[in-house]
Amino acid sequence: MTTGMKLKQFLLHEKRAGVDLPYDLIELIHEVSITCKEIAATVSRGELSGVLGVAGSENVQGETQKELDIITNDIMANHMSVSGLVAGMGSEEIDDPIVVPAAERGEYLLMFDPLDGSSNIDVNISVGTIFSVLKAPLGCKAEPKLEDYLQNGDQQKAAGFVVYGPSTVLVLTTGQGVNMFTLDNAIGEFVLTTEGCQIPEETTEFAINLSNKRFWEKPMQDYIEDCLQGENGPLGKRYNMRWVASMVAEVYRILVRGGIFMYPFDSRDPSKAGKLRLMYEGNPMAMIIEQAGGAASTGHGRIMEVESTGLHQRVPVCLGSKNEVEKVFEYHARADNAA
Ligand code: P6P
C-alpha cells in the first residue's frame with residue numbers, strides 16, 4: 001500500500017523494490033520539492049506579497065520578467081546551490097549556467113523554469129515550476145562547461161513539475177512511470193495521491209492559442225481546421241478546446257483526462273523554432289508525457305531526440321494522447337512528402 005506515502009518515503013520504497021534510483025537523486029528530488037513548497041507559499045500570498053506585477057527587467061528570452069519570476073528563481077537557485085547535489089544549473093530567468101561553488105558541487109545538472117505561466121500570476125490563474133535532471137558528465141570534480149548541459153531529452157534522469165492550483169501537486173517521473181503527490185499543508189508534505197498515471201490514447205480536447213493561426217505552418221492550420229469541422233469533418237468527431245496559457249496546467253489536465261497541447265512553430269519570429277524552451281519545458285514535459293503512455297513531438301519527430309544546441313533553445317511542441325499526436329505528425333509528414 002503506497003498511496004499516502006510521503007515523497008521521499010515513496011522514492012526510498014521504490015529503491016528497496018529494485019528501481020535504479022541513486023540515493024543522491026532521491027535527495028535531489030526531495031530538495032527540489034522543498035523549494036517548491038517555499039514557492040507555493042510565496043505565490044499563494046497573491047496581493048498580500050506586494051510583489052505582483054513586472055520587475056522592470058527582461059529575461060534572456062526578451063520577455064518581461066515578473067517580480068515573482070526573479071523571487072522564485074532565487075529560491076530555487078539559492079537552495080539548490082548549497083544542496084551538495086548539483087554541479088551546475090540552468091534557469092529560464094538566467095542567461096548563463098548558474099555556477100555552484102566547488103565545495104558544494106554534486107553529480108547532477110538541474111534545469112528549471114521557476115514560475116511557468118507567470119503571465120497568469122497577476123490574474124490568479126494556475127502557474128507552476130518545471131524541472132529536469134541530467135547527469136553532470138564530470139560529476140562534482142569540475143565546473144560544468146556549457147556543452148555538458150547540451151544533452152538530449154532521452155538523457156534525463158528525472159523530470160517533474162509542480163502545479164500551484166486549487167491544490168499544489170508535484171508530478172514526477174524517474175523513468176519508471178509517472179506519479180503525483182499532493183501537498184498536504186497540514187503536515188507540509190507532498191503525499192502520493194496518484195500512482196502510475198496513464199494518458200488515454202484517444203481524445204476530443206485540443207489546447208492551442210488559436211489567435212496565432214495565421215502564423216502557423218499549413219499542416220497545423222489544416223489539422224485545426226479539420227478539428228473545427230467536428231463530427232462531419234475528416235476527423236469524424238466533435239472537439240472541445242481549452243487554452244489556459246499555462247503549460248503546467250495543460251499538461252496536468254492531459255495526464256488526468258487526456259488531450260493534446262500544441263505550441264507550434266510560427267512565423268512571428270522565424271529565427272525561433274517555437275515559443276517554448278527545449279531544456280526546461282519541452283524535454284521534462286516530454287519525458288513525463290511519454291512515461292504516462294502519451295507522445296511528445298515537434299510535429300516531425302520526438303522532442304526528446306532533438307539535439308540540444310543551447311540552454312534556451314526553442315522547440316515546437318505537440319504532446320498528449322498518443323493517437324491524436326500521431327494524427328498531427330501525419331499532417332506534417334504528408335506536407336513534407338508533398339514538398
Ligand atoms: P501565449 C507561459 O508563458 C508559456 O511559456 C506556457 O506556460 C504557455 O503554454 C504559453 O507560454 C502561453 O503562451 O502565447 O498563449 O501567452
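Since the structure is predicted, the reported quantities are computational estimates derived from the model, not experimental observations. All ligand and atom numbering here is 1-based and tracks the order in the structure.
- Of the heavy atoms in Leu276, only side-chain atoms (C-beta onward) come closer than 4.0 Å to ligand 1.
- What sits closest to atom 14 (O) of ligand 1 on the protein, heavy atoms only, is Tyr263 OH, 2.6 Å.
- The protein atom (non-hydrogen) at minimum distance from atom 9 (O) of ligand 1 is Met247 N, 3.4 Å.
- With ligand atoms numbered from 1 in the order given, ligand 1 contributes 1 (P), 14 (O), 15 (O) to contacts under 4.0 Å with heavy atoms of Asn209.
- Side-chain contact of Asn73 with Ser91: a donor-acceptor pair under 3.5 Å is present, judged by distance alone.
- Every residue two or more places apart in sequence or in another chain that forms a side chain to side chain contact (heavy atoms under 4.5 Å, CB included) with Asn78 is listed here: Asp74.
- Residues Met76 and Leu110 meet the side-chain proximity criterion, which asks for heavy atoms closer than 4.5 Å.
- With Met180 as the fixed residue, the side-chain contact (heavy atoms from CB on, under 4.5 Å) test singles out one of Leu172, Val191, Leu192, Val256: Val256.
- Every atom of ligand 1 is numbered from 1 in the order shown, and the set under 4.0 Å from a heavy atom of Phe261 is 9 (O).
- Residue contacts with ligand 1 include Glu281, since one or more of its heavy atoms lies under 4.0 Å from the ligand.
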Name every donor-acceptor pair, under 3.5 Å, that has one atom in a side chain of residues 12-30 and the other anywhere in the protein, sequence neighbours excluded.
| residue | atom | partner | partner atom | Å |
| --- | --- | --- | --- | --- |
| Lys15 | NZ | Leu21 | O | 3.0 |
| Asp24 | OD1 | Tyr108 | OH | 3.0 |
| Glu27 | OE2 | Lys8 | NZ | 2.7 |

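- Below 4.0 Å from some heavy atom of Gly117 lie the following atoms of ligand 1, by number and element: 2 (C), 7 (O).
- Among Glu330, His332, Glu324, Lys327, the one residue that satisfies the side-chain hydrogen bond (donor to acceptor under 3.5 Å, both in side chains) test with Tyr223 is Glu324.
- Taking only non-hydrogen atoms, the option from Asn120, Leu115, Asp116 nearest to atom 4 (C) of ligand 1 is Asp116.
- Taking 4.5 Å as the limit, every side-chain heavy atom of Val248 sits out of range of all side-chain heavy atoms of Ser126.
- Of the candidates Lys275, Arg277, Arg268, the one placing a heavy atom closest to atom 11 (O) of ligand 1 is Lys275.
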